[in-house]
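Just so it is clear: chains get the letters A, B, ... in the order the sequence lines come, proteins before strands, and each one is counted from 1. Here the structure is a predicted model, which means the values were calculated and not measured.
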4 protein chains.
Amino acid sequence: MSNIRGRFSKSADKLAAEYTASLAFDQRLYKQDIAGSIAHVKMLAKQSIISDDEAKTIIGGLEAVRGEIEKGKFKFAAEQEDIHMAIEARLIEKIGEAGLKLHTARSRNDQVALDMRLFVKETIATTQKGIRGLQQALLDIAEANKSVAMPGYTHLQAAQPVLLAHHLLAYFEMLQRDYERLSDCLKRADVMPLGSGALAGVAYKLDREFLAKELGFSKISQNSMDAVSDRDFILEYEAAAAICMMHLSRLAEEIVLWSSAEFGFIEIDDAYATGSSIMPQKKNPDVAELARGKTGRVYGNLMALLTTMKGLPLAYNRDMQEDKEGLFDTVDTLLSTLEVFAGIIKTIKVNNGNTCNALGRGYVLATDLADYLVKKGAAFRAAHEIVGKLVKYAVGKGKTLADLDMKEYKKFSPLFGADVRSITIETSLAARNVIGGTAPVQVKKALAGARRIIAKK
Amino acid sequence: MSNIRGRFSKSADKLAAEYTASLAFDQRLYKQDIAGSIAHVKMLAKQSIISDDEAKTIIGGLEAVRGEIEKGKFKFAAEQEDIHMAIEARLIEKIGEAGLKLHTARSRNDQVALDMRLFVKETIATTQKGIRGLQQALLDIAEANKSVAMPGYTHLQAAQPVLLAHHLLAYFEMLQRDYERLSDCLKRADVMPLGSGALAGVAYKLDREFLAKELGFSKISQNSMDAVSDRDFILEYEAAAAICMMHLSRLAEEIVLWSSAEFGFIEIDDAYATGSSIMPQKKNPDVAELARGKTGRVYGNLMALLTTMKGLPLAYNRDMQEDKEGLFDTVDTLLSTLEVFAGIIKTIKVNNGNTCNALGRGYVLATDLADYLVKKGAAFRAAHEIVGKLVKYAVGKGKTLADLDMKEYKKFSPLFGADVRSITIETSLAARNVIGGTAPVQVKKALAGARRIIAKK
Amino acid sequence: MSNIRGRFSKSADKLAAEYTASLAFDQRLYKQDIAGSIAHVKMLAKQSIISDDEAKTIIGGLEAVRGEIEKGKFKFAAEQEDIHMAIEARLIEKIGEAGLKLHTARSRNDQVALDMRLFVKETIATTQKGIRGLQQALLDIAEANKSVAMPGYTHLQAAQPVLLAHHLLAYFEMLQRDYERLSDCLKRADVMPLGSGALAGVAYKLDREFLAKELGFSKISQNSMDAVSDRDFILEYEAAAAICMMHLSRLAEEIVLWSSAEFGFIEIDDAYATGSSIMPQKKNPDVAELARGKTGRVYGNLMALLTTMKGLPLAYNRDMQEDKEGLFDTVDTLLSTLEVFAGIIKTIKVNNGNTCNALGRGYVLATDLADYLVKKGAAFRAAHEIVGKLVKYAVGKGKTLADLDMKEYKKFSPLFGADVRSITIETSLAARNVIGGTAPVQVKKALAGARRIIAKK
Amino acid sequence: MSNIRGRFSKSADKLAAEYTASLAFDQRLYKQDIAGSIAHVKMLAKQSIISDDEAKTIIGGLEAVRGEIEKGKFKFAAEQEDIHMAIEARLIEKIGEAGLKLHTARSRNDQVALDMRLFVKETIATTQKGIRGLQQALLDIAEANKSVAMPGYTHLQAAQPVLLAHHLLAYFEMLQRDYERLSDCLKRADVMPLGSGALAGVAYKLDREFLAKELGFSKISQNSMDAVSDRDFILEYEAAAAICMMHLSRLAEEIVLWSSAEFGFIEIDDAYATGSSIMPQKKNPDVAELARGKTGRVYGNLMALLTTMKGLPLAYNRDMQEDKEGLFDTVDTLLSTLEVFAGIIKTIKVNNGNTCNALGRGYVLATDLADYLVKKGAAFRAAHEIVGKLVKYAVGKGKTLADLDMKEYKKFSPLFGADVRSITIETSLAARNVIGGTAPVQVKKALAGARRIIAKK
């Protein structure tokens, strides 16, 4: 609770002070806060609002404070309610009088908006790097197993043969959208709010463009009341993170499924598996499960901030202090999940034998059979109906399609000829030769295209 | 439940059929579905997969079906599980044999992905139009009341004087971000999925670029498994809508506050107010309250789809059918809220007397007093402390700042001179003369800038 | 928008009227509304606030209106904003003057609170019936397959053998908690609000206890402002529904997993399976997938109402009208899911061969081996370590535990004796002979206990 | 990541180990974990599964470990993945061999379920105490201001006069439901899971009833698979907490509104208010705002766990580790909010002058006027219409109802007589003399009733 209490006749209630304090978590913003203050002071001097000497003293002091923090020598005192006050108080302690001028032409409202925007901008870059890391791992494992075929599933039922590389490239695409979504989010984070003051703008001749340049922003905010009460850029990051975690939860689900004995498509490296406290044989995909579970908290953080912002009148309200912990938690969760997934994926062992067996089990060539009839002249719906009956017959007999003899085929349609035997997993794959299809030639192109995308800066 | 049951020995359970049917809500997609089918058929003919005559017959049939639907003559039969099957079945009924070829080289999985993308693309345009309408109303009312000053609030406590127009422009900025966010969302919706088949691509030589052009898409999907299981574009629209509704909930809160007798800043036009079933005097801002309340459902729909998509293995799963109702509800809610708010805002009557009174009530010039001291040589923190004590003294005496005499001022700082009397609401406003500040000259520029933005196509 | 507009000089804007109208969805409450009105009128007459004749006329009129609605002859006119006004207007139309007295000593605020409470009370009963139906189906299928053993999974890795019946009884327990949670929710729904008026209570001598009795409530509300602004009972139902849907989503996930070719533990009856528009062989567990997906909307509805209610000042605000659609959607979703799941479960075919094979695949007896060593004198942690190494050795050799010879066993611990061979799936199951364990004797008792619970009224 | 790695040939990846570690947050459960272990060991000895001497040694060791933790001497080593392993490892370090037996007949799955249940049970009690504290504060302030009248609001428009005490009692009622809801939640938390093992029950003759008694549980779990995968009791606590925070957010909103200059009904004590970094005059209700904002995180935590649990197959999955941090955060948020609100409420200063003025401003007696006409013989709807027109007339003339002369009254209805002048705030209040109404005599009874409720143990 603020030690700015000139107007009050009582000190703050201890509980209330603890309740409102943010220092425990917003100390994470010290770097952004000091960078913002240094730029602010430079500008104040440039505009002759403070003297060059004062500016030099303050900047020196701020750098010294930063040094203290980074060396773990800074005492985060409980009576400082937030990182902004903690730094300013320490500055004044160190440099005296001049420090009292730091906050000229500024309010905590525009100061905290600045810190959060600097933080989100850096975070977007880090997240995009994390995404690239996982995309790289997916491409590597896809390439290393590029001839492995497996059933493609819909409804968790084997549907049609696909290449494992094709399947993995689907995740590449999802991550690519995540990457681009973050680039778009950056546009709205990249707006410099300083100069908005508490809410109305400040009564000093500031050079806001100079501040923007100094701090690496490409735009400045256009309305002071909006600038201090806007948290869209945090919500937008959290929404992008939620969608990205959703993608990762799908990949996690498949890692869990595929490493079950029943599927057996992959083996997770021992370094990424865990044992059981009671069952000695267990090798559990805990990392993937935990990532799937952590999707919940990332969704929850988004919902939390949306709820917090609902119905708030302008401009700043203290409710908004709640923007930080959820964001930090989302960032930490997403970054660590991306990183640990890159590790798992890179070290996965694919079990080609089991994917082959699975291809044999179902009736994954049924669509090809229908397409065969279409090419022989049947209308698609009619062909579909015929093959449906054929499959039902085969299931009843406990046979695969390959087990059926020509007489049996002919019973369902005279269009079936001996060439029906030439339909194989390989021909099926090769036939899906459209852009985005699973034909080996297409997948090869897609891999190359993906490589080009991540090679770009 | 699908009537595609060649493989089954039983008809579907009635309850199960009802449970899985989507016709009741996805009939809303008939236009997109038929447009997609027509483009598909043209392409099939172009690629000689069907004959030109067949194509002509099918297209004629589809257009006739569309006519039936639009004239209310189409019988949406309960046994058709979805709009795709309903249209195809009617087509076959009408044109016979040729109709059986419509579904060649296509699956419901890529078909429904296409329909949803077409729908979202159109919806983004409509939503942006709705945003422009409300922005226009805000600018008009701001301009019409451009000299009205009022307290700017933080923590719902009067903080500093602002122009009403400045306050309203904050909402213009929020809506502008919503607008741009939707433009970014469009990029990811604007991807043509046809040709992805059920999940693996199709075994026909399609011209996917032709399809994209025909249907107005600028890109085609690059991975078939992703294409049929991607609902990011819906989530992204719903997230953008949630943020936009959050903005509107803030505006709604202010309409409710400002039209209370206690604030009394505005009067809602009778056409937008409601009465009470028991209290004859009531004039209630129900529209604004309802909009604030509807924020909940738009958040809920976002959370619903995020939950639904969590942990789904590739590729299509029936869970995804749940993408529709929530989206439709969000679209309808957002569009109607934007439209009705434009109506309310346009017809609001501003009560200048009450905003003036409110400015007199608090100590909204205290910051100016501190800035005055700074300009006389005090350090900001010291000045802040002095004015804090002065305000405490005035509160104790039951006086406003204007009520204090020079002797009283001097008691708190010798820097106070007679010119302290020249600090007024007007000088306070004029002093915030930074870009984005509330100074009349800045607000005028901001209004002009805003006009330019919405004038752009 | 209210046609109660004595105070207004304009009719409502068309858009605003549509925006605020609730008749389209609250007509579902006609029965509750009329029942509430009849009880109210009886009480008014009993208290001599209206005459007995007036009461008789009004009640007759209300019953006639109900008849019209139920026969589909009631015209829900767009200009009536809600079901309450629609019924009252029609009543006045039918019986004239007397109808104008219906709303004496009542407000829409307490009236709608009453209707919703009556609805929730009935809904709790229906939901509990639905739960009982599914519990019954689970018990039947458990009993019918009572000797089937399968791997119990943790982390989707086979862990220890369990009886299928034991596994299914876990869902019985979840549903039992859902049932009891609803009974608790009922306590807070079962409170009669009439007499609270708009917010302050009414200025008539009402007999609220009579009303409660007449309408089947066990308590009356104790504070009028709370009574008209309390929606806890809806939130509590929605939270209970969310937890229940979460349980059903887990069951759905297992139905999907178990009916995959890779697991193959069950076959869904054709009546509950669906085909594909393109792949003739597919037999998809769409109903289970859809139920899993619908979990999203039930969560979303809860989140929506929590958001709507956040931060509302007392007493009634129009935001609260948003309580209805989400509740109705949750109720419809939950009830139909319970019912359709009872159908699926009842008709499932268990494939004993596949559950047996799965038991053979893993090392599900490893824990029993460790327990064996404990019983021979090893400390548990030591035994666990030994068996861990043994399993690692077996995996390396590509052997099952049964494949190992005594010499190999002895290499890992001298405590292993020939009796290690007598550890089987059957002995493993039988050994878990604690209350709640999977030993056949325990499962039999649990089944009997479960039967007793659902036999109770 | 587990150091139980007998089966693995590699140590865990560092990142993966960090990702899965829970020690940083689950150390909070040390007390519950040790209490559970002590009871378990006593039972093992009682059942002769270990010797009495071993039990004594282990219990002594566990108590020593607890001592170390409480004295801050316990080294929480990063390589221990969770609190359970950390304690067991330290135990073994201290007492050697015997320690290896602690985990006999137990799994981390039932162990962690036990710890969480013990934690939730204690938390429910603490939360209920917190609720009682706030209820007490509400009653005290209500009683101290029992004659203060104010406008009751609907739609934030003054509706009818109410007593402030009546208004505050509405919050008493909400909190009372929260209290009872937690009592119901306790029933489902109060179930002892030990003996369930990893998922199938354990292969030892345990006395589970003894364990329940020893640990203060009234029931034991009936299905081992459910017992290790059930987190309903956490969800139910979180849902109850969400509803309670919603109530507090409403109270917070009113504190913010009422302490605005425009309402001016209350003044927050200086000890609970905060200043501004830039505006020296500000006295902000930050505590209330922050509480309102924190509603978001409590909703978010509920949504997070619901999401995490969605679609998980039985039995334990690592996703469930995500149950802890959100719960801890919700508990800390709710408890501190209850406590700090009790402090604010207790010290609030009510400004009777401003509530009086507000009563004068509106037309809060209009309903009484309509009731007056009803008592003179008009039908309610007709009376409502007449008074509506009268108010419209008065608004047009800029008059209050008291300003109108009898001639003006008569113009609207001949039923108006001179006794219409006797309608006052006091008669209006007194007239609402129904149970739950705002009549002073009813409010007095309600206060007494509330006192009785919280006096009960």
Side-chain angles (χ1 to χ4, degrees), chain B residues 1-2 4-13 15-16 18-20 103 106-108 197-198 269-284 286-287 289-290 292-297 299-301 303-308 317-322 325-326 336 339-340 343, chain C residues 1-2 4-13 15-16 18-20 103 106-108 197-198 269-284 286-287 289-290 292-297 299-301 303-308 317-322 325-326 336 339-340 343:
Chain B
M1 215 137 171
S2 184
I4 310 170
R5 301 187 66 82
R7 180 218 189 292
F8 297 116
S9 52
K10 262 187 203 177
S11 65
D13 174 74
L15 212 66
E18 282 167 20
Y19 191 76
T20 52
H103 209 55
R106 194 175 68 171
S107 160
R108 259 187 305 180
D269 192 81
D270 275 11
Y272 290 93
T274 42
S276 153
S277 78
I278 177 170
M279 295 166 290
Q281 87 281 13
K282 292 299 290 296
K283 178 170 175 184
N284 295 326
D286 288 52
V287 171
E289 290 170 90
L290 209 43
R292 188 177 58 186
K294 282 178 186 292
T295 309
R297 75 199 298 158
Y299 287 10
N301 291 334
M303 198 42 46
L305 187 55
L306 280 170
T307 302
T308 295
N317 300 281
R318 190 64 175 264
D319 315 55
M320 289 178 192
Q321 178 173 306
E322 287 290 307
E325 284 167 288
S336 60
E339 206 179 346
V340 81
Chain C
M1 215 135 170
S2 184
I4 310 170
R5 300 185 68 81
R7 179 216 189 297
F8 297 115
S9 52
K10 263 188 202 176
S11 66
D13 174 75
L15 212 66
E18 282 167 23
Y19 191 76
T20 52
H103 209 55
R106 194 175 68 171
S107 160
R108 261 187 304 180
D269 191 80
D270 276 10
Y272 290 93
T274 43
S276 153
S277 78
I278 177 169
M279 295 166 290
Q281 88 281 13
K282 292 299 290 296
K283 179 172 175 182
N284 294 326
D286 288 51
V287 170
E289 290 170 272
L290 209 42
R292 188 177 57 186
K294 281 177 188 291
T295 309
R297 74 200 296 157
Y299 287 9
N301 291 334
M303 198 43 47
L305 188 54
L306 280 170
T307 301
T308 296
N317 299 281
R318 190 65 174 263
D319 316 56
M320 290 178 190
Q321 178 173 305
E322 286 290 305
E325 285 167 286
S336 60
E339 206 180 347
V340 81

Measuring from Asn284(C):CG to Thr20(B):OG1, what's the distance to the nearest 0.5 Å? 11.5 Å

Results of side chain to side chain contact (heavy atoms under 4.5 Å, CB included) for Asp319(B) - residues two or more places apart only: Thr308(B), Leu312(B), Asn317(B), Glu289(C), Arg292(C)

Flag the one option from Thr307(B), Asp269(B), Leu290(B) with the top tally of heavy-atom pairs under 4.5 Å to chain C. Leu290(B)

Counting only heavy atoms closer than 4.5 Å, note whether Tyr19(B) contacts chain C via side chain, backbone, both or neither. both

Given Met303(B), Met320(B), Glu322(B), Glu339(B), the one with more heavy-atom pairs under 4.5 angstrom with chain C than any other is Glu322(B)

Across all chains, not counting sequence neighbours, the side-chain hydrogen bond (donor to acceptor under 3.5 Å, both in side chains) partners of Gln321(C) are Arg318(C)

Does some side-chain heavy atom of Lys283(C) sit less than 4.5 Å from a side-chain heavy atom of Asp270(C)? yes

